Amino acid sequence: MEEMLFYDRMQFAFTITFHYLFPQLTMGLSLIIVYFKWKYLRTKNEEYNHATHFWMRIFALNFAMGVVTGIPMEFQFGTNWAKFSELTGGIIGQTLAMEGMFSFFLESSFLGIFLFGEKILGHKWHFVTGLLICIGSWASGFLIIATHSWMQNPVGFEILENGRFVLTNFQALFLNPWLWPSYLHNQAASMVTSSFVVAGIGAFYILSKKNITYGKLFVKTGVIFGLISCVIVAVPTGDLLAKNVVKYQPVTFAAMEGIFHTEKKGSEIVLIGQPDVKDKKLDNKIAVPNILSFLTYGSWHEEIKGLDQFDESVHPTNISGLYYAYHIMVGLGTIFIGLMAFAVFQLCRKKLFETKWILWSLLFMLPFPYIANTTGWYTAELGRQPWLVYNLLRTAEGASPTVSSGNTLFTLLGFIGLYLLLGMLFLLLVGKIINKGPHTEKI
């Protein structure tokens with residue numbers, strides 16, 4: 001059973017990690033595309049319209065990859081996690097169905113029109129279709145995170161005698177206190193990825209002395225959107241989400257922060273340290289006293305419960321992985337804020353495009369928001385373990401008893417090979433678009 005559960009989790013972790021490389025760009029990029037089209041309508045500057053055409057082609061490729069990689073992931077609910085689907089389908093099935101029927105249909109239906117219908121529609125209606133795509137992509141994220149939030153903090157339900165969860169309050173799904181901080185945090189993080197991609201490609205153009213006009217436009221747009229979204233990721237959304245973890249999953253918070261033992265007179269915040277789970281301590285730590293208590297409760301001496309206050313049966317199953325995922329996310333987020341703030345400062349001084357080290361940094365940092373988003377989701381998922389539905393349904397109870405570990409491993413290896421080929425093809429196609437540049441794009 002343990003081997004089967006391991007491969008079930010590994011397969012889902014791999015497929016969803018690869019899948020989410022694409023939606024995190026499309027959600028944020030859709031808003032930036034709408035911005036470029038809006039700027040064209042206001043200024044009639046063709047550079048903005050060419051920028052719209054350029055980025056909507058990259059958007060379309062991302063969208064296609066997201067669809068292709070998302071479908072196998074959802075099939076796993078009926079194969080590897082059939083018991084989970086049987087018990088909770090009456091609740092999570094509703095939000096997932098709404099995501100497919102409404103959000104995905106809205107996004108996909110207007111994408112073709114946006115790509116090829118500008119001449120027929122005219123620029124104003126072309127802008128409207130772009131706006132509808134943006135709304136569809138953001139609504140899709142909302143409904144997925146509504147599902148995730150219910151698993152983290154189940155509300156509005158009752159459990160029947162046969163163990164099935166049934167929804168008793170539909171409104172509670174969307175008023176879940178876990179939902180809105182999670183959703184806004186996720187969308188801001190998506191904007192961070194999109195901003196770095198836009199700024200990074202712009203920096204590439206400037207440094208290579210190719211398409212410099214568009215390079216400057218992309219860098220300027222990317223750093224402004226980037227600074228705003230980086231700050232929102234930290235405050236208020238990240239702060240609110242962390243306080244939700246403290247309130248609803250205190251044992252998770254203790255593991256995230258590496259608090260093995262309760263500190264009575266205020267908790268320190270650990271900047272660097274390696275968790276030693278066996279001996280229940282942090283090795284080689286560098287910490288600042290009492291800061292964590294202040295950030296969490298607004299009081300320097302407030303007690304935060306450590307792992308020693310909870311039964312080991314409810315401890316996260318991978319404390320080290322959770323701790324590192326959380327600290328990588330927070331560390332990268334701090335670097336993002338600093339880089340984007342300095343870039344905007346130089347932009348205000350009209351020296352950004354001549355400051356080579358910032359341009360190189362923007363180009364070099366392009367993949368790191370993907371890492372930050374991935375570790376952020378790992379924090380959420382590892383933190384919920386060993387539960388599928390927090391405190392109600394354990395992960396082992398949701399796995400399919402009839403799917404063998406050998407079958408799961410075989411299909412996992414197949415996914416790895418297939419996704420490797422898809423990833424290489426995607427990078428090749430995106431590279432061609434970037435190499436051609438915005439000025440050659442015609443509809």
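These numbers come from a predicted model, not from an experiment.
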After noting the C-alpha distance and the side-chain angles of Asn176 and Ser149, does the key distance pass the side chain to side chain donor-acceptor pair (under 3.5 Å) rule?
CA-CA 7 Å; Asn176 190 337; Ser149 296; 5.3 Å; no

Criterion ring-ring contact (aromatic ring centres under 6.0 Å, His included) on His148 and Trp377, from CA distance to verdict
CA-CA 11 Å; His148 171 262; Trp377 273 105; 4.9 Å; yes

Pair Lys37, Glu118 - check salt bridge (charged side-chain N to carboxylate O under 4.0 Å, His left out), show working.
CA-CA 11 Å; Lys37 191 66 184 185; Glu118 184 183 53; 2.6 Å; yes

Taking it one step at a time, do Ser190 and Gln24 satisfy side chain to side chain donor-acceptor pair (under 3.5 Å)?
CA-CA 5 Å; Ser190 173; Gln24 67 175 281; over 6 Å; no

Does the pair Lys280 and Asp276 meet the rule for a salt bridge (charged side-chain N to carboxylate O under 4.0 Å, His left out), with working shown?
CA-CA 6 Å; Lys280 297 180 173 55; Asp276 181 347; over 6 Å; no

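Each of Phe410, Phe18, Phe14 was checked for a side-chain contact (heavy atoms from CB on, under 4.5 Å) with Phe415, and the lone residue meeting it is Phe14. For the side-chain contact (heavy atoms from CB on, under 4.5 Å) with Leu173, the qualifying choice from Thr95, Leu179, Thr147 is Thr95, the only one to do so.
A donor-acceptor contact closer than 3.5 angstrom links the side chains of Gln274 and Asn284. Side chains of Tyr40 and Glu47: no donor on one and acceptor on the other come within 3.5 Å. For Thr193 and Asn373, the side-chain atoms include at least one donor-acceptor pair closer than 3.5 Å. Side-chain atoms of Thr374 and Thr17 include no donor-acceptor pair closer than 3.5 Å. With no hydrogens or angles considered, no side-chain donor-acceptor pair links Gln385 and Asn318 at under 3.5 Å. In this structure, a donor-acceptor pair under 3.5 Å is present between the side chains of Gln346 and Thr355.
By the 4.0 Å N-to-carboxylate-O rule, Lys83 lies close enough to Glu86 to be salt-bridged with it. Ion pairing between a basic and an acidic side chain is recognised when a charged N comes within 4.0 Å of a carboxylate O; Lys285 and Glu268 show such pairing.
Ring pair Phe170/Phe174 is perpendicular by interplanar angle, where above 60° counts as perpendicular and below 30° as parallel. Between Phe218 and Tyr205, the two ring planes are tilted [angle within 30° to 60°]. Classification of the Phe22-Phe426 ring pair by plane angle, with boundaries at 30° and 60°, yields perpendicular. Taking the six-membered ring where the residue is Trp, Trp180 and Tyr183 present perpendicular rings, their angle passing 60° and hence far from 30°. Classified by interplanar angle (parallel below 30°, tilted 30° to 60°, perpendicular above 60°), the ring pair Phe196/Phe336 is tilted. Between Phe342 and Trp357, the ring planes are tilted. Angles from 30° to 60° get that label.
In Lys210, the NZ atom is crowded: over 12 heavy atoms of neighbouring residues, nucleotides or ligands sit closer than 6.0 Å.
Remark: side-chain polar atoms of Ser400 are paired, donor with acceptor, to backbone N or O of Ala82 under 3.5 angstrom.
Here NE2 of His185 is found 12.0 Å from CG of Asn244. Values are rounded to the nearest 0.5 Å. The line from CD1 of Ile145 to OG of Ser182 is 6.5 Å long, rounded to the nearest 0.5 Å. Rounded to the nearest 0.5 angstrom, Ile33 CD1 and Ile133 CD1 are separated by 8.0 Å. Note that OH of Tyr324 is 14.0 Å distant from CG of Leu382, once rounded to the nearest 0.5 Å. Taking CG from Leu418 and CD1 from Ile416, the interatomic distance works out to 11.0 Å, rounded to the nearest 0.5 Å. Rounding to the nearest 0.5 Å places CG of Leu307 at 5.0 Å from CD1 of Ile319.
Listed by chain and number, the residues in a salt bridge (charged side-chain N to carboxylate O under 4.0 Å, His left out) with Glu354 amount to none (sequence neighbours excluded).
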